[in-house]
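To keep things clear, I will list the structure first and then write my remarks on it.
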There are 2 protein chains.
Amino acid sequence: MRRITLDDVANLAGVSPITVSRVLRKPDAVSEALRRRVNAAIQELGYVPNIAASRLASSRTHAIGVIVPTLYNVIFAEYLFALHEVLVGAGFQVIVVNSRYSEQEEENAIKVLLGQRVEAIIIAGVHHTQLAHQLLTRAHLPVVETFELSPDPIDLNIGMLQDRAGQAATQHLIDRGFSRIAFLAGNLDHRSQSRFDGYRLAMQEADLENLEIVTQRPRHSSVALGSDLLAFMHERGDHPEAIFCTDDNVALGAMQECRKRGIRVPDDIAIIGFHDLEFSACASPSLSSIMTRRFETGKLAAEKVLAALNSTSRQTPNQIDLGFEVIARESTGVTVAVSS
Amino acid sequence: MRRITLDDVANLAGVSPITVSRVLRKPDAVSEALRRRVNAAIQELGYVPNIAASRLASSRTHAIGVIVPTLYNVIFAEYLFALHEVLVGAGFQVIVVNSRYSEQEEENAIKVLLGQRVEAIIIAGVHHTQLAHQLLTRAHLPVVETFELSPDPIDLNIGMLQDRAGQAATQHLIDRGFSRIAFLAGNLDHRSQSRFDGYRLAMQEADLENLEIVTQRPRHSSVALGSDLLAFMHERGDHPEAIFCTDDNVALGAMQECRKRGIRVPDDIAIIGFHDLEFSACASPSLSSIMTRRFETGKLAAEKVLAALNSTSRQTPNQIDLGFEVIARESTGVTVAVSS
DNA sequence: TTGAAAGCGCTAACAC
DNA sequence: GTGTTAGCGCTTTCAA
């Protein structure tokens with residue numbers, strides 16, 4: 001059963017193949033009579049254009065590659081959603097590949113995307129293998145690194161200072177009068193590591209460096225992990241006055257575990273999370289957090305890519321800091337005005 | 001700046017293009033001497049094969065299309081993870097497209113995938129537009145519908161009976177002695193609707209049909225939605241003894257809102273969710289739920305696709321019911337044995 | 001507005 | 001084991 005091709009349509013409609021091609025891509029350039037005949041033939045045959053052939057012939061793929069560590073973490077889902085909105089709206093295909101937090105897998109992902117001849121690459125993170133860096137640099141296509149700010153961006157870079165945000169979260173706890181402050185995380189990916197750096201800096205500047213209590217386990221961030229980490233910490237005898245969790249999932253799990261153990265939040269222990277996920281405002285107690293701009297990051301990255309593809313002139317490398325915001329709520333002892 | 005092609009590599013290595021092609025695809029068919037020369041040339045030039053050309057020439061894409069409603073819901077992330085493991089492991093590319101719970105967008109997604117000449121389509125759900133159904137049927141490629149069981153499957157169908165699961169959740173509440181039982185949901189997608197059908201059936205069979213309390217709002221399922229729904233219900237004066245939430249996110253939100261309002265779970269109100277998400281076991285109180293098999297669904301769907309692609313003989317349409325399981329925990333008044 | 005010719009970069013099929 | 005030839009199905013360029 002041979003697949004229907006553009007030539008089949010042309011034959012049935014009694015026109016040349018190129019006319020069919022035009023009807024598909026720039027219908028206005030074809031007279032209405034022919035357009036009708038061609039469309040009828042397309043309908044009748046159930047013709048679906050072969051994109052591989054189109055890409056080869058035009059040497060345009062209209063595909064953008066996106067690399068994220070995982071889809072489990074909702075922040076990447078939000079980011080992808082925004083990317084999709086913009087790019088698909090502009091007629092591009094988005095090819096998503098996961099790196100699973102591995103630089104090696106990220107390198108492979110880059111190779112896959114280059115093989116697909118994507119017209120741009122948007123990549124979460126700024127840490128790459130040497131070869132990956134080389135491939136991205138030499139590919140001569142727009143590259144956007146996101147979520148973090150790089151000391152040495154490849155091309156465009158849209159993100160925030162994770163260490164500053166970690167510092168701000170910790171400072172918030174210090175400002176609330178706590179001094180025994182723990183940092184809770186599972187896997188220390190680069191961004192989590194930076195937040196940890198910020199935590200240490202804040203502690204050091206407040207002369208609290210000796211009281212840091214860090215619990216780490218090699219697991220991806222989740223509510224269950226937060227619960228486990230708090231249990232682990234508690235059972236080994238650490239009783240900090242406050243904890244800074246690497247993200248809101250871990251914070252929520254820690255909060256649940258506190259309730260289970262009769263530890264009151266924030267009276268016995270204050271908790272701040274990271275990312276200000278959707279549930280954080282309606283948790284009980286409501287969860288203090290650091291608001292980050294995932295949606296805007298995705299949107300802006302997509303827009304920058306479109307702009308770069310539409311302008312022939314190579315842009316100078318440029319960085320955009322989308323910042324963050326400390327959201328103080330009940331879990332760190334702040335009374336919150338009622339709102340929806 | 002012309003892109004490097006296979007011919008460039010061939011020239012540099014002093015061999016014919018087909019030899020380079022062989023080195024890439026079946027290295028064992030080439031002598032070691034030539035293989036070395038070719039690989040060296042590939043390295044030197046930084047050659048990356050053009051997949052579009054390869055697809056066109058071989059008329060094989062090694063691509064599998066997957067359609068999911070959204071990436072926000074973690075159950076689809078889990079499902080995709082399993083799909084990826086199997087399919088990428090077998091040398092296929094996975095092309096994911098979102099339908100955003102819209103049958104029209106699903107139809108478009110199918111067209112996009114057929115244009116990509118994917119070798120199979122795996123699609124969450126069994127409800128399609130007429131044209132979508134037609135396209136899938138006529139495409140003559142393996143199609144797997146998942147998450148639900150269809151009365152009329154297109155090809156393969158791997159899922160569960162959502163209405164039975166909804167019935168079981170409701171029956172669990174009835175068995176625990178509750179009679180004023182509400183159903184909480186936001187968007188009623190097809191699966192949620194089926195669970196609602198199951199709820200109504202269980203209520204009817206227990207002669208409780210007049211007590212159903214249903215709250216609906218057109219929002220995607222989330223913790224914040226659960227919180228809002230419970231608040232809404234409470235404020236309009238409905239005080240059921242138990243609620244069945246369309247999923248665990250809504251259930252968690254409802255539980256948080258109860259705490260905020262001083263409503264005790266399960267003493268004042270019992271709650272059961274759906275999907276048994278990761279956090280449900282460690283919530284406080286732990287959340288009763290219906291365990292569904294997202295990971296297995298993805299894995300099996302992928303394996304079935306591979307099997308279908310490897311056997312020339314057309315399989316007879318076949319269905320697999322992966323079932324579900326009632327997980328009784330504290331939120332419905334069940335004392336849970338301690339476990340990790 | 002329409003068409004003819006050539007070719008995108010690769011691989012299948014067949015020869016040697 | 002290696003090479004030659006002839007496309008895959010579309011779009012580009014140029015001509016009419």
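Order of the sequence lines sets the chain letters (A, B, ...), proteins ahead of strands, with each chain counted from 1.
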**OP:** Rounded to the nearest angstrom, tell me the gap between atom CG in A:D7 and atom C1' in D:dC10.
**Re:** 9 Å
**OP:** Round to the nearest Å and state the distance from A:L6 atom CG to D:dT11 atom P.
**Re:** 7 Å
Original post:
When all nucleic acid strands are considered with a 4.0 Å heavy-atom cut-off, which category describes B:R25: base, sugar-phosphate, or nothing?
Top reply: sugar-phosphate
**OP:** Would you tell me whether A:E103 and A:H127 have side-chain atoms, one donor and one acceptor, within less than 3.5 Å of each other?
**Re:** no
**OP:** Would you mind telling me which of C:dT11, C:dG3, C:dG7 lies closest to the side-chain atoms of A:V15?
**Re:** C:dG3
Subject >> Atom-pair distance (CZ on B:R22; P on D:dG3), nearest Å >> reply: 9 Å
Subject >> Whole angstrom value for the distance that separates C1' of D:dT12 from CD1 of A:I18 >> reply: 8 Å
**OP:** Rounded to the nearest angstrom, tell me the gap between atom CD1 in B:I51 and atom P in C:dC8.
**Re:** 19 Å
Original post:
If you look at every strand shown and take non-hydrogen atoms under 4.0 Å, does A:P17 touch a base, only sugar-phosphate, or nothing?
Top reply: nothing
**OP:** For B:R3 and C:dG9, give me the distance from atom CZ to atom P, rounded to whole Å.
**Re:** 10 Å
Subject >> Check: D:dG9 base within 3.5 Å donor-acceptor of B:R117 side chain >> reply: no
Subject >> Step-by-step salt bridge (Lys or Arg N to Asp or Glu O under 4.0 Å) determination, B:R100 to A:E85 >> reply: CA-CA 12 Å; B:R100 300 205 268 177; A:E85 288 285 290; 2.8 Å; yes
Original post:
Counting side-chain heavy atoms from CB outward, which of D:dG1, D:dC10, C:dT2 is closest to A:S31?
Top reply: C:dT2
Original post:
In terms of side-chain heavy atoms of A:S16, which of C:dA4, C:dC10, D:dC10 is nearest?
Top reply: C:dA4
**OP:** Nearest whole angstrom, please: distance from the P of D:dT12 to the CZ of A:R60.
**Re:** 10 Å
**OP:** Would you indicate what B:S59 reaches in the nucleic acid, counting non-hydrogen atoms under 4.0 angstrom: base, sugar-phosphate, or nothing?
**Re:** nothing
Original post:
With no hydrogens and no angle check, is any side-chain donor or acceptor of B:N157 less than 3.5 Å from a backbone partner on B:S150?
Top reply: yes
Original post:
Quick one: on DNA chain D, does A:K26 or B:R35 contact a more 5' nucleotide (nearest heavy atom)?
Top reply: B:R35
Subject >> Nearest-Å distance for atom pair CG/P, residues B:N50 and D:dC10 >> reply: 16 Å
Original post:
Is it true that the side chains of A:S59 and A:R55 contain a donor and an acceptor less than 3.5 Å apart?
Top reply: no
Original post:
Hey, which of these two, B:T19 or A:L56, hits DNA chain D nearer its 5' end, going by closest nucleotide?
Top reply: B:T19
Original post:
Is a side-chain donor-acceptor pair under 3.5 Å present for A:Q162 with A:Q193?
Top reply: no
